[in-house]
Amino acid sequence: MEREPRRVRDDIKTRSLKGLVWATGESFGVALISLGSFVVLARLLSPQDFGIVALATVFVYFCNVLTGHSFADVVVQRPEMEGDHLDTAFWSTLAIASALAAACLAGAGTLSLMLGEPALAGALRWLSLVPPLSALSSVQMALLRRGMRFDVVAR
């Protein structure tokens with residue numbers, strides 16, 4: 001009887017260490033892709049256009065943070081998971097992301113006037129598509145994290 005709990009502990013320890021390695025790899029990968037995107041945009045865009053895209057990205061990133069830390073976290077933390085829970089998490093996350101995208105679309109003109117940058121409105125309208133697209137995969141990614149499948153998440 002004593003051997004079984006030790007085997008379970010060893011399995012959890014091994015999975016945790018592998019998860020740490022994959023999560024670290026994912027962080028480095030995201031950082032490298034971000035740096036690459038930054039360099040490409042800096043080379044392709046004028047300094048003013050680059051600043052406009054960067055400013056619009058701040059608002060879209062804020063929307064993604066709000067969306068990403070809503071119902072998907074519940075999927076990871078809830079001890080028992082049923083189909084209704086997953087459906088609710090998916091549709092609620094998509095609804096929140098869509099509402100935030102609609103707010104970006106509706107407020108783009110006002111925000112560009114407030115900040116004195118007319119070109120911001122167009123960039124923000126296009127980038128407002130990102131939160132709903134990101135929301136489409138948030139519950140699936142949460143399920144992978146719940147199952148400690150960090151290797152799939154990182155790839």
Side-chain angles (χ1 to χ4, degrees), residues 1-45 50-108 111 120 122-155:
M1 280 196 183
E2 185 63 33
R3 294 175 60 126
E4 194 64 35
R6 183 177 178 158
R7 196 177 305 164
V8 170
R9 279 194 308 262
D10 290 345
D11 184 48
I12 290 172
K13 187 194 294 186
T14 301
R15 290 176 72 188
S16 297
L17 288 172
K18 285 181 180 179
L20 177 66
V21 168
W22 279 108
T24 302
E26 177 190 8
S27 294
F28 279 113
V30 168
L32 284 174
I33 290 170
S34 295
L35 178 63
S37 300
F38 175 82
V39 169
V40 168
L41 286 174
R43 297 283 298 155
L44 293 176
L45 300 175
F50 184 84
I52 291 166
V53 170
L55 187 57
T57 302
V58 169
F59 292 103
V60 172
Y61 179 78
F62 179 70
C63 292
N64 273 342
V65 168
L66 289 177
T67 302
H69 293 293
S70 57
F71 292 92
D73 286 347
V74 175
V75 170
V76 175
Q77 297 172 359
R78 188 169 177 84
E80 300 292 323
M81 189 58 55
E82 297 175 13
D84 287 344
H85 297 131
L86 296 174
D87 289 344
T88 301
F90 176 80
W91 290 110
S92 299
T93 302
L94 187 57
I96 290 168
S98 297
L100 290 169
C104 282
L105 282 169
L111 194 58
L120 175 63
L124 190 54
R125 286 185 182 114
W126 277 106
L127 286 174
S128 69
L129 297 172
V130 171
L133 291 174
S134 181
L136 291 174
S137 65
S138 65
V139 172
Q140 290 80 3
M141 296 298 272
L143 284 171
L144 290 170
R145 284 189 171 90
R146 176 185 173 93
M148 297 184 75
R149 296 292 315 274
F150 299 108
D151 57 330
V152 177
V153 173
R155 284 188 230 131

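Values reported hereafter were calculated over all heavy atoms of this structure, with side chains retained and with hydrogens, waters and symmetry mates removed.
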What's the spacing between Met141 CE and Leu136 CG if we round to 0.5 Å?
13.0 Å
Nearest 0.5 Å, please: how far is CZ in Phe90 from OG in Ser137?
9.5 Å
Who are the salt bridge (Lys or Arg N to Asp or Glu O under 4.0 Å) partners of Arg125, not counting sequence neighbours?
none
Looking at every heavy atom in both Ser138 and Ala135, which two are closest together, and how far apart are they?
OG-O, 3.1 Å
On a heavy-atom basis, the closest approach of Phe71 and Ile96 is CE1-CD1, 3.7 Å
Residue pairs meeting side chain to side chain donor-acceptor pair (under 3.5 Å), one or both in residues 83-107, sequence neighbours left out, come to Arg78-His85
Let me check something: any side-chain donor-acceptor pairs from residues 51-68 under 3.5 Å, sequence neighbours excluded? List them with distances.
from, atom 1, to, atom 2, distance (Å)
Thr57, OG1, Val53, O, 2.6
Thr67, OG1, Cys63, O, 2.9

Does any non-hydrogen side-chain atom of Trp126 lie less than 4.5 Å from one of Leu129?
yes
Intermediate values then yes/no, side chain to side chain contact (heavy atoms under 4.5 Å, CB included), Leu105 and Leu124:
CA-CA 7 Å; Leu105 282 169; Leu124 190 54; over 6 Å; no
